[in-house]
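Some notes on the structure that comes next.
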Amino acid sequence: MGALVGSLYATGMSGHEIDEFLKGVDWNRSLRNELPYSARSFRRKEDKRDYPNDLEFGLKRGVVFPGGIQLRTPGRPDP
């Protein structure tokens, strides 16, 4: 956050202008690690259409489930 404020100040914005600018930012959208559909490449759009879920397949970490998925049932032993 400091780098953002510092860079805005370096462009010549006043403290009030920086404050107003930061109040207008949609932080939930800005900090999400996802591009809007219209900004994606053709290949990523195909992927989103063909695999409409939040699972990520990668070479380093394998399959990554979204944070809200429970892999175990509370109170029941693992199979």
Review point. Does CZ in Phe42 sit with more than 12 non-hydrogen atoms of other residues, nucleotides or ligands closer than 6.0 Å?
Key: no

Check your understanding: Is Lys48 close enough and on-axis enough to Tyr37, meaning under 6.0 Å and within 45°, for cation-pi?
Key ->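 Judged by the rule, Lys48 and Tyr37 form no cation-pi pair.
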
Review point. If only atom types and distance count, is the side chain of Glu17 paired as donor or acceptor with the main-chain N or O of Ser14 below 3.5 Å?
Key: yes

Review point. Can Leu35 be reached from Val25 by stepping across I, L, V, M, F, W or Y side chains whose heavy atoms are under 4.5 Å apart?
Key: no

Point to revise | Gap between atom CD1 of Ile18 and atom CG of Leu4 - 0.5 Å precision | key: 8.5 Å

